[in-house]
Visitor: 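Below you will find the structure I want to go over with you.
Residues take their numbers from the sequence shown, with the count starting at 1.
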Amino acid sequence: MADATKYVPIGGANLSSDLKSLSAILKTRKTVAFAYAFVIAFVAFTVFLAFSPSPNASSPWFTNIFSSTSSPDGSYKPQIPSIFSLLFPNSSSPSNSSDPLLNNTNTSRSANINATSLSPHLNTTSQTQTLKATSFLNRTQSSAVSSQGPVPFPTANQTTNSHAPSLEVKSPPPLVAEETSGGGKNHTFNTPEAKAITTNQTTNATAPATPATPATNVSISFPFQKVPHQNSSSNSSVKADSVKGVASNGNYTASLARKRINGNNHTEGNDESMESLMKCDFFDGKWVKDDSYPLYKPDSCSLIDEQFNCIRNGRPDKEYQTYKWKPKGCSLPRLDAHRMLELLRGKRLVFVGDSLNRNMWESLICILKSAVKDKKKVYEANGRVHFRGEAFYSFIFKDYHFSVELFVSPFLVQEGEMTDKNGTKKETLRLDLVGQSSSQYKDADIIIFNTGHWWTHDKTSKGQDYYQEGNHVYSELNVLEAFRRALTTWSKWVDANINPSKTVVFFRGYSASHFSGGQWNSGGQCDSETDPIENEKYLTEYPDKMIVLEKVLKNMKTRVTYQNVTRMTDFRKDGHPSIYRKQNLTPEERKSPLRYQDCSHWCLPGVPDIWNEILYAELLMREYRNQHKQKRT
């Protein structure tokens, strides 16, 4: 019994033991429960931060880890894939995309484009619109990227979210415009077609709006990429297939890309412009005011003869210098002196005719010389500084190895003399013999002929004992018939002596005079004229001599380019030297200065500059035809 009872528990001891045992159990469960609760709370808090971060988080660390992007509807979405890519580098994410544009995660902003210089239509304060467009662009880059949500494309001046990660875009090297042969310059003309091309060369491609905002078109700049085919309803203006791989910025455009792809020196626009010029009648048009003219500074060319230097001779008005000729069917390209120097490199350009051709010759020399760097390398071959009284002049452009020459031959046929029965010598005009200097210029590369004004003088117009053929002097011969015979002699000489594969032949028609109240030698005047004729009904009747000339030209074998300046010059009654033809008047001229006026020649700068601008257009067309002929062969 004693042994049995000593093992019976006493009441107080029993309660204490039970409480200790229960406390141990409770402590263990509480610890586990607390641990689970803490873990759950931490995970929940972490998930909360990850999926609902504040756009203005104050902690840079959290901002960098849980950075968010703007979705098209303006909400914020986390870039969790970036965290997973750090924890699990082998997992697929946008940064592992095969697209090289998205593969660079450098935070440098060096590739950002300045919106003020490239996209005047971009509103830099509205990042929402910009990102709407960029989300579309990113979806077109890769379907894998689209499935992960829009990746921010670098846009101009993104400053609203300074902590957002940015991409460095490595664009292809910029496109460099190829130089044309010869002048080393592109030659863009001031035509309506060329202007349209220039206008359409915007410095920004226009991206379409996202489907959520179909009415919004955001203009942004981006490198041209070949975009996969999208829904036909997308009105993207980026013709990426034709300009693949070409960088676009403020200086380079889609049209330049087309130029490079075409692989030639002429853009489509220039081809169209040249085709337009070749179909155009240059001489059917009107004079229009253009303050960018004249082509060279007035009184800057010391080579202008006193007879044509109206400004130096005291002419007060200068408006007559600021007109250009506008044909109805096209626009003449402005004469580019540098380009023309290259067109003439290594050639001989020869003027043959009267003092109106000297007018044009001096104009061209002044235009070309203004573009030469070293003016000392432009000089007259014989050192002459005055250009009246001699039968021949030649200006050398040494750096370009060409010459611009003048052969004085006012009738294009020989002037001579004959002794009559009484032993008296008489001046005659040999209608059957071309000018004596013809053998000196027949091998020139370009020849510009003219005649006309001397056929209005007393001897020629009366035609009495003046015209000669062989040994026969006509006692009287109609001036139009004499003019036809002289031109026929000239045309036969051209057909027999000019090699059309080497020499280009021009004939410039009759230049209108504007004597009022008399002729050049009988008190005709034009000093009060300061504006061109505007109404065509006041133009004079077309000269019969030009009708004769045109018939002769049609019967020639050699191709002759006819510069019919008669009508275009008839408008310009304001362009003559009039009383400003010389500085030092003779005693007789001082008595009645208004009686002695020049209303047939032209002030320089002035109307003859436009004749040379037409010549320039003709040479451009010839070069264009030759280039296309070479391509065909």
Visitor: If every non-hydrogen atom of G435 is compared with every non-hydrogen atom of S438, which pair is closest and at what distance?
Guide: O-OG, 3.0 Å
Visitor: Exactly one of N612, L335, I610 should register a side-chain contact (heavy atoms from CB on, under 4.5 Å) with L295. Which one does?
Guide: L335
Visitor: Could you go through D271 and S273, starting from their C-alpha distance and side-chain angles, then the distance that decides it, and tell me whether this counts as side chain to side chain donor-acceptor pair (under 3.5 Å)?
Guide: CA-CA 5 Å; D271 284 349; S273 299; over 6 Å; no
Visitor: Determine yes or no for a side-chain-to-main-chain donor-acceptor pair under 3.5 angstrom, with N382 supplying the side chain and R384 the backbone.
Guide: no
Visitor: Between E427, K425, Q468, K426, which is the residue that forms a side-chain contact (heavy atoms from CB on, under 4.5 Å) with M418?
Guide: Q468
Visitor: Partners of W325 by ring-ring contact (aromatic ring centres under 6.0 Å, His included), sequence neighbours excluded?
Guide: W287
Visitor: Tell me, please, which residues at least two apart from F407 pass ring-ring contact (aromatic ring centres under 6.0 Å, His included).
Guide: F392, Y441
Visitor: Listed by chain and number, what are the salt bridge (charged side-chain N to carboxylate O under 4.0 Å, His left out) partners of K318, not counting sequence neighbours?
Guide: none
Visitor: Whether D570 and R572 form a salt bridge (side-chain N of Lys/Arg under 4.0 Å from carboxylate O of Asp/Glu) is what I want to check.
Guide: no
Visitor: Which residue pairs satisfy the disulfide (SG to SG under 2.5 Å) criterion with at least one member in residues 337-409, sequence neighbours excluded?
Guide: C301-C366
Visitor: Which residues pass the ring-ring contact (aromatic ring centres under 6.0 Å, His included) test with F402, sequence neighbours left out?
Guide: F397
Visitor: Could you verify whether a donor N or O on one side chain and an acceptor N or O on the other, from T424 and N422, lie under 3.5 Å apart?
Guide: no
Visitor: Please assess T558 against D495 for the test side chain to side chain donor-acceptor pair (under 3.5 Å), listing each intermediate value before the final yes or no.
Guide: CA-CA 6 Å; T558 305; D495 285 340; 2.8 Å; yes
Visitor: Is there a donor-acceptor pair closer than 3.5 Å between any side-chain N or O of D354 and the backbone N or O of T451?
Guide: no
Visitor: Hydrogens and angles aside, do T561 and R622 bring a side-chain donor and acceptor to less than 3.5 Å of each other?
Guide: no
Visitor: Counting C-beta onward and ignoring hydrogens, is there a side-chain heavy-atom pair between I614 and M568 closer than 4.5 Å?
Guide: yes
Visitor: Kindly give the heavy-atom pair with the smallest separation between C603 and Y320, and that separation in Å.
Guide: CB-CE1, 3.5 Å
Visitor: Measure the CG-CG distance between L349 and L364 for me, rounded to the nearest 0.5 Å.
Guide: 6.0 Å
Visitor: Assign the ring pair F308 / H601 to parallel, tilted or perpendicular, where the plane angle (0 to 90°) is split at 30° and 60°.
Guide: tilted
Visitor: Is it the case that the side chain of R334 and the backbone of S292 share a donor-acceptor pair, with hydrogens and angles ignored and the cut-off at 3.5 Å?
Guide: yes
Visitor: Return the NE2 to CG distance between H514 and D574, rounded to the nearest 0.5 Å.
Guide: 8.5 Å
Visitor: My understanding is that only residues two or more places apart in sequence, or in another chain, count here; which of them pass salt bridge (charged side-chain N to carboxylate O under 4.0 Å, His left out) with R484?
Guide: E481
Visitor: Hey, do the aromatic rings of W611 and F506 have their centres closer than 6.0 Å?
Guide: no
Visitor: Identify which one of E534, E536, K286 satisfies the side-chain contact (heavy atoms from CB on, under 4.5 Å) criterion when paired with F571.
Guide: E536
Visitor: Go through the structure and list residues passing side-chain contact (heavy atoms from CB on, under 4.5 Å) with R559, not counting sequence neighbours.
Guide: R625
Visitor: Return the CZ to CG distance between R581 and N313, rounded to the nearest 0.5 Å.
Guide: 10.0 Å
Visitor: With rounding to the nearest 0.5 Å, note down the distance linking CZ in F351 to CG in L406.
Guide: 8.5 Å
Visitor: Restricting to non-hydrogen atoms, name the atom on I396 and the atom on A381 that form the minimum distance, rounded to 0.1 Å.
Guide: CG1-CB, 4.2 Å
Visitor: How long is the straight-line distance from CG of L303 back to OH of Y393, given to the nearest 0.5 Å?
Guide: 13.0 Å
Visitor: With a 3.5 Å distance limit and no angle check, can you tell me whether T489 reaches the backbone of R485 through a side-chain donor-acceptor pair?
Guide: yes
Visitor: Side chain of W361, backbone of V404: donor and acceptor closer than 3.5 Å?
Guide: yes
Visitor: Distance-only, no hydrogens or angles: does the T633 side chain make a donor-acceptor pair with backbone N or O of Q630 under 3.5 Å?
Guide: yes
Visitor: Is E342 salt-bridged to R339, cutoff N-O under 4.0 Å?
Guide: no
Visitor: For the residue pair Y474 and H472, does the interplanar ring angle fall in the parallel (under 30°), tilted (30 to 60°) or perpendicular (over 60°) class?
Guide: perpendicular
Visitor: Under the ring-ring contact (aromatic ring centres under 6.0 Å, His included) test, which residues partner Y323, sequence neighbours left out?
Guide: none
Visitor: If I take atom CD1 from residue I446 and atom CG from residue L619, how far apart are they, to the nearest 0.5 angstrom?
Guide: 4.5 Å
Visitor: For E415, give me all partners under side-chain contact (heavy atoms from CB on, under 4.5 Å), at least two apart in sequence or on another chain.
Guide: P410, F411, L429, W454
Visitor: Mind listing the closest non-hydrogen atom pair of G575 and R315 along with its distance?
Guide: C-NH1, 4.3 Å
Visitor: Could you tell me whether the side chains of N357 and S355 share a donor-acceptor contact shorter than 3.5 Å?
Guide: no
Visitor: Would you call E306-R388 a salt bridge at under 4.0 Å N-O?
Guide: no
Visitor: Between side-chain atoms of residues 368-376 and protein atoms elsewhere (two or more places apart, or another chain), which donor-acceptor pairs fall under 3.5 Å?
Guide:
residue: S370; atom: OG; partner: I367; partner atom: O; Å: 2.5
residue: D374; atom: OD1; partner: K376; partner atom: N; Å: 3.2
residue: K375; atom: NZ; partner: V372; partner atom: O; Å: 2.6

Visitor: Enumerate donor-acceptor pairs with a distance under 3.5 Å from any side-chain N or O in residues 547-557 to protein atoms, sequence neighbours excluded.
Guide:
residue: E550; atom: OE2; partner: Y542; partner atom: OH; Å: 2.4
residue: E550; atom: OE2; partner: Y562; partner atom: OH; Å: 3.1
residue: N555; atom: ND2; partner: K551; partner atom: O; Å: 3.2

Visitor: Enumerate, atom names and distances included, each donor-acceptor pair closer than 3.5 Å involving a side-chain atom of residues 524-533, sequence neighbours excluded.
Guide:
residue: D527; atom: OD1; partner: Q597; partner atom: NE2; Å: 2.8
residue: E529; atom: OE1; partner: K573; partner atom: NZ; Å: 2.6

Visitor: So, K289 and E319, do they make that salt bridge, N to O below 4.0 Å?
Guide: yes
Visitor: Check the pair Y510 / W455 against ring pair (Phe, Tyr, Trp, His ring centres under 6.0 Å), numbers first and verdict last.
Guide: CA-CA 11 Å; Y510 182 81; W455 292 88; over 10 Å; no
Visitor: With side chains defined as the heavy atoms from C-beta onward, is the minimum distance between N564 and F282 less than 4.5 Å?
Guide: no
Visitor: Is the number of heavy atoms from other residues, nucleotides or ligands within 6.0 Å of CD (Q436) greater than 12?
Guide: no
Visitor: Just by distance, no angles: are the side chains of W602 and S511 close enough, under 3.5 Å, to form a donor-acceptor pair?
Guide: yes
Visitor: Do S409 and F449 have side chains that get closer than 4.5 Å, going by heavy atoms?
Guide: no
Visitor: Kindly check if the number of other-residue, nucleotide or ligand heavy atoms within 6.0 Å of NZ (K492) is above 12?
Guide: no
Visitor: Taking A512's backbone N and O only, do any of them form a donor-acceptor pair with T569's side chain (distance below 3.5 Å, no angle check)?
Guide: yes
Visitor: Can you see which heavy atom on L332 is nearest to which on A617, and at what distance?
Guide: CD2-CB, 4.1 Å
Visitor: Between S513 and S600, which heavy-atom pair has the shortest distance, and what is it?
Guide: OG-CB, 3.3 Å
